[in-house]
Amino acid sequence: MMDEEYQERHLNFTKNNEGSTIEEILLAGLPVHLSTLLVSLVSLLPLDPTSLCFQTLELTGLLAPPLFSLTVFSEEPQLINAVLSLLIVIVFLVIFFKKKGAKDLKKLWDVRVSDEGILDSLTNFRSSMLLVTAICILAVDFPVFPRKFGKTESFGYGLMDMGVGGFVFAAGLTSPEGRGKETSIVKTIRSSLPLLLLGLARLSVITVTGYHSNVTEYGVHWNFFFSLFFVKVLGSIFIPNIPGDRSIWVCSVVVAVVYEGFLSFGLVDWILSEEPRSGLLDSNKEGICSTLGYMAIYLAGVSWAKEIIHKPLNFTMLANVLTDVCVWSGLMWLSLVYSSTFFLPPSRRLANYTFFTFVVAYSLSILAGFLIIEALVIVIGEWKCGTGSDGGRKDKKSRYILNRKKLTEPEISRAVQVNYAKGLRAPTLYKAMSYNALPYFLLSNLLTGAVNLVVPTMETDGCPAILVLSTYLLLLSFFSMTLYHRKLKLI
């Protein structure tokens with residue numbers, strides 16, 4: 001059992017947060033996009049992407065900026081953004097001056113972006129959400145992490161609140177229903193069973209060790225794994241019965257509005273009541289009720305997956321998707337401003353309508369940013385290398401070579417040159433994280449618990465805290481990269 005006095009102080013240290021502002025959250029999250037663009041542009045330089053030098057640059061470039069912007073530079077994230085912007089300009093100028101001859105971009109709009117219809121932007125979106133979530137769940141226990149970015153107690157805009165909602169939205173984007181795959185309630189329960197088992201395991205560990213847990217987050221016994229499990233199961237029940245792909249978006253809004261109606265007619269008073277809890281339902285009222293709100297967010301993610309995923313996907317379709325996402329992102333921000341005037345403020349605890357609007361608006365903005373990055377890398381790559389008619393055949397050939405079991409050194413060299421000549425639209429680390437997303441998230445939770453068991457996090461500040469957080473992120477990265485290179489998918 002853990003020291004009860006320390007756990008009580010730790011719980012008080014992380015609770016009663018009133019949140020931040022939308023502007024602060026956007027500025028603190030911007031380094032994720034800038035670092036991704038920087039790594040993608042560096043991959044266009046004459047460097048071997050498989051070399052230790054490039055992999056070190058990738059790890060440093062992707063991990064350090066968000067870590068620093070959420071901790072030691074949290075009050076001045078514009079400094080991180082300015083440094084990254086300067087490096088991006090420098091790398092682009094190097095690419096520009098190293099370019100030889102004039103390349104034809106007339107066929108740019110016909111360039112095939114993806115044969116499977118899955119944009120690298122989706123990988124970047126999902127992995128960036130995982131990365132920021134992994135940073136926050138451990139960093140929040142250290143004084144170096146600003147309280148304003150933690151989970152809000154009842155109402156407000158919190159970065160960690162957005163992480164929870166964004167995780168659900170990303171789950172919808174990458175769901176079998178969103179990708180047009182056939183599924184059933186039995187298949188969904190079977191594939192989501194690890195979430196239920198992880199939820200039970202977390203509950204057991206917290207109960208046995210006495211690890212601090214704020215009951216106002218999800219309740220006494222409930223946790224996020226249970227919410228995600230039931231959201232996926234409910235989605236597999238309702239989505240097949242919704243006529244038309246675009247109707248899913250309408251249904252997501254309807255679910256959010258109807259749930260808001262329940263809240264307005266007294267449900268909110270019961271959920272936020274501070275009276276002693278009795279019974280299983282009352283003990284877990286936050287987690288059970290908020291599942292409806294997360295269900296709306298999940299449906300929104302599924303609907304956008306159906307809008308984005310096309311087979312095959314060329315640059316023209318990518319531009320159309322980017323336009324749609326940007327327009328709807330703006331509309332959702334306007335909807336948030338409008339709905340905030342007569343609905344309750346955003347609440348992760350309730351997952352109410354304004355929280356739904358905030359999560360969807362922010363998620364679409366993040367996705368729009370990655371779509372812009374992907375489009376830029378494609379344009380610069382084609383401008384650098386040309387849009388030859390045999391580009392698609394070369395890409396297929398390179399994939400064939402890389403997938404063969406027996407490779408000679410010259411073959412590997414030629415395959416790498418062909419495959420990476422036009423840049424990385426998704427960094428290798430992000431691909432690895434997305435490949436084993438749930439194990440990555442599970443390990444981050446396990447390491448967070450382990451660190452809190454051996455390190456007095458509340459009393460660890462400055463450089464020691466950054467050192468612990470950096471080691472933690474490197475362990476997570478090596479774990480996902482090792483599994484990815486060995487093509488081992490755990491769950």
Side-chain angles (χ1 to χ4, degrees), residues 29 32-33 35-37 39-40 43 49 55 58-59 61-63 66 113-137 162-181 191-192 194-195 198 224-225 228 232 298 301-302 304-305 308-309 313 318 321 325 363-364 366-371 373-374 377 399 402-403 419-420 423-445 473-491:
V32 173
H33 284 95
S35 60
T36 304
L37 177 57
V39 170
S40 296
S43 70
Q55 291 178 352
E58 182 181 298
L59 279 176
L62 292 176
L63 300 181
V113 177
S114 171
D115 291 326
E116 295 79 18
I118 307 295
L119 288 166
D120 288 314
S121 300
L122 297 182
T123 299
N124 293 336
F125 174 84
R126 186 188 196 188
S127 298
S128 66
M129 285 290 179
L130 280 170
L131 176 60
V132 173
T133 301
I135 292 173
C136 290
I137 61 175
M162 176 57 227
V164 173
F167 200 96
V168 176
F169 187 86
L173 272 179
T174 56
S175 65
E177 294 91 350
R179 288 176 290 173
K181 293 185 176 181
S191 63
S192 303
L195 290 170
L198 291 172
F224 180 66
F225 291 112
L228 194 55
K232 282 178 168 287
Y298 182 79
V302 172
W304 274 102
I308 292 172
I309 298 174
L313 187 69
L318 170 61
V321 167
V325 172
S363 297
L364 289 179
I366 298 295
L367 182 57
F370 283 122
L371 287 167
I373 290 172
E374 183 165 3
V377 174
R399 286 195 294 268
L402 287 172
N403 288 332
N419 226 24
Y420 292 99
L424 288 171
R425 286 177 269 161
T428 306
L429 176 61
Y430 278 179
K431 291 179 181 178
M433 291 167 60
S434 182
Y435 190 71
N436 275 291
L438 187 56
Y440 182 95
F441 182 61
L442 171 61
L443 182 60
S444 65
N445 278 270
L473 289 176
L474 286 174
L475 286 174
L476 287 172
S477 300
F478 290 146
F479 167 77
S480 57
M481 291 285 281
T482 300
L483 293 179
Y484 179 69
H485 286 305
R486 294 178 180 272
K487 298 301 176 186
L488 295 175
K489 196 171 181 67
L490 299 184
I491 301 178

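Bear in mind the structure is a predicted one, so any value in this text is a computation, not a measurement.
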| With respect to Phe167, which candidate in Phe225, Phe224, Tyr298 satisfies the ring pair (Phe, Tyr, Trp, His ring centres under 6.0 Å) definition? | Phe224
| Is any side-chain heavy atom of Tyr484 less than 4.5 Å from a side-chain heavy atom of Thr428? | yes
| field | Residues that Glu58 engages under side chain to side chain donor-acceptor pair (under 3.5 Å), provided they are two or more places apart | value | none
| request: Kindly write out the residues that satisfy side-chain contact (heavy atoms from CB on, under 4.5 Å) with Leu443, not counting sequence neighbours, or none if the list is empty. | output: Leu447, Leu476, Phe479
| task | Check Leu131 against Leu473 and note the closest heavy-atom contact, atom names and distance. | result | CD1-CD2, 4.1 Å
| remark: Closest non-hydrogen contact found for Ser480 with Ala432 is O-CB, 3.5 Å
| note | With sequence neighbours left out, the residues meeting side chain to side chain donor-acceptor pair (under 3.5 Å) with Ser121 are Glu374
| When you measure from the side chain of Asn436 to the backbone N and O of Leu488, does any donor-acceptor pair fall under 3.5 Å? | yes
| remark: Residues passing the ring-ring contact (aromatic ring centres under 6.0 Å, His included) test with Tyr430, sequence neighbours excluded, are none
| said: Please evaluate residues Arg425 and Thr123 with respect to the criterion side-chain contact (heavy atoms from CB on, under 4.5 Å), reporting the C-alpha separation (whole Å), side-chain torsions for both, the decisive distance (0.1 Å), and the verdict. | reply: CA-CA 10 Å; Arg425 286 177 269 161; Thr123 299; over 6 Å; no
| task | May I ask you to test the Thr133-Ser444 pair for a side-chain heavy-atom distance under 4.5 Å? | result | no
| request: Indicate the atoms forming the closest heavy-atom contact of Met481 with Leu429, along with that distance. | output: SD-CA, 3.8 Å
| Is Lys489 positioned over the aromatic face of Tyr435, cation under 6.0 angstrom from the ring centre and no more than 45 degrees off axis? | yes
| task | Report, as yes or no, whether the 6.0 Å neighbourhood of atom NZ on Lys487 holds more than 12 heavy atoms from other residues, nucleotides or ligands. | result | yes
| field | Side chain Ser175, main chain Gly178, donor-acceptor under 3.5 Å | value | yes
| said: side-chain contact (heavy atoms from CB on, under 4.5 Å) for Leu367 and Asn124? Distances and angles first, verdict last. | reply: CA-CA 8 Å; Leu367 182 57; Asn124 293 336; over 6 Å; no
| task | Quick one: closest heavy-atom pair of Lys431 and Ala426, and the distance? | result | CE-O, 3.4 Å
| note | Residues passing the ring-ring contact (aromatic ring centres under 6.0 Å, His included) test with Tyr440, sequence neighbours excluded, are none
| task | Report the C-alpha separation of Arg126 and Leu173 in whole Å, then their side-chain angles, then the decisive distance to 0.1 Å, and conclude whether the side-chain contact (heavy atoms from CB on, under 4.5 Å) test is met. | result | CA-CA 9 Å; Arg126 186 188 196 188; Leu173 272 179; over 6 Å; no
| note | Residues at least two apart in sequence or cross-chain that pass side-chain contact (heavy atoms from CB on, under 4.5 Å) with Leu442, listed by chain then number, are Leu198, Leu446
| request: Apply side-chain contact (heavy atoms from CB on, under 4.5 Å) to Val32 and Val132, showing your working. | output: CA-CA 9 Å; Val32 173; Val132 173; 3.9 Å; yes
| request: Could you tell me which residues satisfy side-chain contact (heavy atoms from CB on, under 4.5 Å) with Ser35, sequence neighbours excluded, listed by chain and number? | output: Leu62, Pro65
| field | Ser363: partners by side-chain contact (heavy atoms from CB on, under 4.5 Å), with sequence neighbours left out | value | Phe125, Met129, Met162, Phe169, Val359
| What's the shortest heavy-atom distance between Ser40 and Leu424, and which atoms? | OG-O, 2.8 Å
